[in-house]
Amino acid sequence: MNPTEISDALEAISTAPFDPAEFGYDFAAATGNAKATVSRLRPGKRTLNKSKISGAVLMNRRYYYIPAEPGQADAAMELLLSDKKTIQHKPEILIATDGQDVVARHPASGDTLRCSFVDLHHHFGFFLPAAGMSRFKAAEENEVDIKATGKLAKLYDALLKKNPDWATEDRRHDLNQFMTRMIFCLFAEDVGIFPKDQFSRLIVNHSGEKGVEAHLVIRDAFAAMNLPKDSRGHLPAWTQELEYVNGGLFSGRPDCPVFDPIAWGYLLDAAGEDWRKINPDIFGSMIQSIADAKRRSELGMHYTSVPNILKVLGPLFLDDLDAAIEKAWDRPNALEKLLTRLGRIRVFDPACGSGNFLVVAYRQLREREMKVIKRLVDLTGQSLMKLSSTLSLSSFHGIEITDFGAETAKLALFIAEYQANAEMSEMFGAATETLPLRDGGHIVCANALRVNWEEVCPPPKGEEEVYIAGNPPFLGDGSRSAEQNADMDFALKGKIDAYRRVDFVACWMFKAANYIRGKSARSALVSTNSICQGQAVGALWPSLLTDGVEIGFAHQTFKWRNNASANAAVMCVIVGLRNTSKGEKRLFNGDLEVRANNINAYLLDGPDLFVSATPRSIFGLPYMEYGNKPTDGGHLILSPSERTELLEEYPEAAKFVKRFMGSQEVVKGIERYCLWISDEDAEEAASIPLLRTRFDAVAKFRSESKAAQTRPSAAYPHRFRQAQNFAKNHSILIPSVTSERRPYLPVDRVGADVISSNLNQALYDAPEWCLALIASRLHLVWIGTVCGRLESRFRYSNTLGWNTFPVPRFTQAQLEQLNASARMILKTRYMHHPKTIAELYDPDKLPDDLREVHRQNDELLESMYIGRPFRNDTERLEKLFKLYAARVEKLKSEPKKGAA
DNA sequence: CATCCGACACAGA
DNA sequence: TCTGTGTCGGATG
């Protein structure tokens, strides 16, 4: 059961009259327990009920319910709290009620809920632990970081405005480098790497009124920081004061853009910020938010927010460490061992960009190390002999394709180390030396798809542990460069069939799976959700989940978000891979966590099953066709006004014009037309000047196409490029991409005068019961699961969705019933004319009569599957998958009989 | 030949 | 600038 279903079940309980004797069992059913389990809770010889209190129900590790006398809910709760059984059987939730008031408690955290009985379902979140689910608390982003980033972005914009010549491709690198240096200096003078405010004081003192000389002064300052103090003879005397930093950061041209009063003001603003509180985690953020929006998607400029990074690192290894620390808490020997273990952990980000993952991982590990050391000191009463961390930056490995990113990553790691050391000295009272910069982390500037990862991050030996984490680039097949395709060939050719169909990120998934296989290593990568959907599932996953690799945890689809000003538009998942293990499998959805028996390639708790595309229905459903694809640059399409103009001037063109429907036209009732001309009529049509112009435009558009298949179609510009299909009597049209918010998939029946575009799937002259199937809840659940998505939108596919949709063998009578049901749906819609499908199926506005007709349609159809309606979507999907698997198995054994 | 996809594209508040 | 919701035609097996 999912949380919504639990909420619904609780609502059913809270709206019915309270029965103290039944509540305990109803609650068990509402929290996802099978009927058989519920009945075994009832009194009997081998009852599962562990409570000795009369009327109470205690289910091991789940919940403990006690009925209360009127007004005595609190007293009843006390009784539960003092019961030894509560400690022994560790129920997640205690619940006491008299039918008026509810008192519930989560013993592990001590959280208490009080509400009235009728409001029970409004608090379903509180009861989720009783269903084996728990709340997952995401980390939040730091406000100081956001503020500082904003100031830097303004500075950057102002500098670009004043120095337009820096906007070119190669100069932008210089500007980015200038910004990185600036950030470092502002940070260094606040945290004590430099003397307090030294850098800004020198700049302000020597830059003159409103910063007119700032570019010269900053240039000299940067040059000085790249030179030991005794080799600065050619520089102004005041630079002598500055520290020698080096570390690659200040090598290269020390160029500086010219400041105007506005930019100067922003620089002073930024200098006034307290940079001590800045997370080095956000270096990437700073760089992304200041870099050109159009180039964002390139070269790892998509930085991952700290909350999202923790979604990866937590289940990957931090949560395990926390559990180990807790276990060792009172035992000095065990704590010592943990310190050794920390030193043996290596983190590897094969797409590290500016190093966010590595920095966060480093800081999280240092935090835990400190906690352990502190506990050791407390336990043993001795002060610590050595004061260096067992964690070394050299345990942090990264691959980054741009030199700038790699430099930033090293710098960010350095800052992170500096901060952690400072914290440590503060706690134990000792100092650490910092300048000049040492090498920060093992960051390699290389193409991750071309290099051998084992050379960048040597495989773990003995008790070493390697954790691969990161957020590689996402690029679909339409957006990859020739070079990236070549990289993909290099990484996947001969290893995965149809690899070009899946996203670029799959290369990292594959290499990560190969790296960890059979080793003391795990991986978790942020990815576009498309690799766990539709065609990618069958193409990619069978070769990942092989030879002992399994999904250990996963975050289901969530919207990409970071603090950059314009966010990338994409939905993400996180997939954690490991070698087969008995350890628990964790499945996250937003802030909810569920323990799963198995996590399959769809990131669902279910058996490993890959639904793959089929050209015909394997259950004997009518043939569904892909609509007509114009590829015309818009020239064969007419708006209503264009049509009117055409027909006013050339009435004889009327026979060439037809209604034209894509997804929007079906869903929103938009009116549109197209030119639909047979080859025989081509000459006649071309004699109409207005049409001739359009044909010429089509021919030009097609001949200039970069798709080899399109160019020859310039020879027949009067016709759509692909397919010439239409109905004799009527068509059932199913829009291919539609909103996921509607309670049913949009589908409509139209006359033979309508031409469908390639944005619909079409059933031509098919029986009406097809519409009853498509408009059912069952079908929506199937499509939503096995087809791809556009972000989160449904994407209807004939090959993946319709042709695989499991149906029972219908009798003729049943088909008649479904025909009638389909007609009823259409009739009910007509009664709301002229409301469009979009209006009618708005989730908040579905009219009662239409809702009822759909309910009946669902009930009718579902009874044909299992003799009654399904309880919920989980049950629907289970049944559908079972039918699908059985059918596929059968087809394997009798391949000749194929599609029915 | 027939699709499945898009670190999207675009309209409308 | 954010939210809601589907265009369009290339690249691909």
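The sequence lines fix the lettering, A, B, ..., with proteins before strands; numbering per chain opens at 1. If you're wondering where the values come from, they're calculated on a predicted model, not measured in any experiment.
Checked for salt-bridge contact, A:D632 and A:R694 miss the test: no charged N lies under 4.0 Å from a carboxylate O. Taking a cutoff of 4.0 Å between a charged side-chain nitrogen and a carboxylate oxygen, A:D679 and A:R719 qualify as a salt bridge. With respect to A:D489 and A:R500, a salt bridge is recorded, a charged nitrogen being found less than 4.0 Å from a carboxylate O.
The CZ-C1' distance, from A:R561 to C:dT3, rounds to 11 Å in whole Å. Computed from coordinates, the A:K629 NZ to B:dC1 P distance equals 14 Å when rounded to whole Å. When rounded to the nearest whole Å, the span between CG of A:N628 and C1' of B:dT3 equals 14 Å. Separating the CZ atom of A:R793 from the P atom of C:dG6 is a distance of 8 Å, rounded to the nearest angstrom. Per the geometry, CZ belonging to A:F701 stands 4 Å off P belonging to C:dG9, to the nearest Å. What separates CZ of A:R616 from P of B:dT3 is a distance of 9 Å, to the nearest Å. The nearest whole Å value for the distance from the CZ atom in A:F660 to the C1' atom in C:dC8 is 10 Å. For the pair A:F504 CZ and B:dA7 C1', the interatomic distance rounds to 13 Å; values are reported in whole Å.
A gap of 23 Å separates the C1' atoms of B:dT3 and B:dA7, to the nearest Å. Straight-line distance between the P atoms of B:dC8 and B:dC4: roughly 23 Å, to the nearest whole Å.
For A:A613 and A:C572, each mapped to the nucleotide of DNA chain B holding its nearest heavy atom, the one lying further toward the 5' end belongs to A:A613. Where A:A498 and A:K559 each meet DNA chain C at their nearest nucleotide, the meeting point lying more 5' is that of A:K559. Across the interface with DNA chain B, nearest-nucleotide mapping of A:E791 and A:L800 shows A:L800 to be the residue nearer the 5′ end.
Note on A:S739: a side-chain N or O is less than 4.0 Å away from OP1 or OP2 of C:dT5. Contact between the side-chain N/O atoms of A:S530 and the OP1/OP2 oxygens of B:dG6 is found at a separation under 4.0 Å. Checking the phosphate oxygens (OP1, OP2) of C:dA11, no side-chain nitrogen or oxygen of A:R500 falls inside 4.0 Å. An OP1 or OP2 oxygen of B:dC4 is reached within less than 4.0 angstrom by no side-chain nitrogen or oxygen of A:R789. Side-chain nitrogen and oxygen atoms of A:T799 include at least one within less than 4.0 Å of the OP1 or OP2 phosphate oxygen of B:dC4.
Base pairing in DNA chain C gives the following stems of 3 or more Watson-Crick or G-U pairs, range against range and under 3.5 Å: B:1-6 with C:8-13, B:8-13 with C:1-6.
Applying the 3.5 Å distance criterion, the base of C:dT12 shares a donor-acceptor pair with the side chain of A:R501. A donor and an acceptor atom never sit less than 3.5 Å apart when one is taken from the side chain of A:Q722 and the other from the base of B:dC1.
Put simply, the side chain of A:W560 never gets that close to the backbone of A:N567: no donor and acceptor are under 3.5 Å apart. In this structure, A:S736 contributes its side chain and A:L759 its backbone to a donor-acceptor pair below 3.5 Å.
Residues from residues 709-721 of chain A placing a heavy atom under 4.0 Å of any atom in DNA chain C, listed by number, are A:Q709, A:T710, A:R721.
In this structure, A:W782 has its ring center closer than 6.0 angstrom to the ring center of A:F881. A distance of 6.0 Å or more separates the ring centres of A:W802 and A:Y796.
With sequence neighbours left out, the salt bridge (Lys or Arg N to Asp or Glu O under 4.0 Å) criterion links A:K706 to no other residue.
Geometrically, A:R742 does not engage A:Y841 in a cation-pi contact, judged by NZ or CZ lying under 6.0 Å from the ring centre and within 45° of the ring axis.
Defined by atom type and a distance below 3.5 Å, a donor-acceptor pair is missing between the side-chain atoms of A:N803 and A:N798.
Across B:dC4, C:dG9, B:dT3, the shortest atom-to-atom separation from the side chain of A:Y623 is found for B:dT3.
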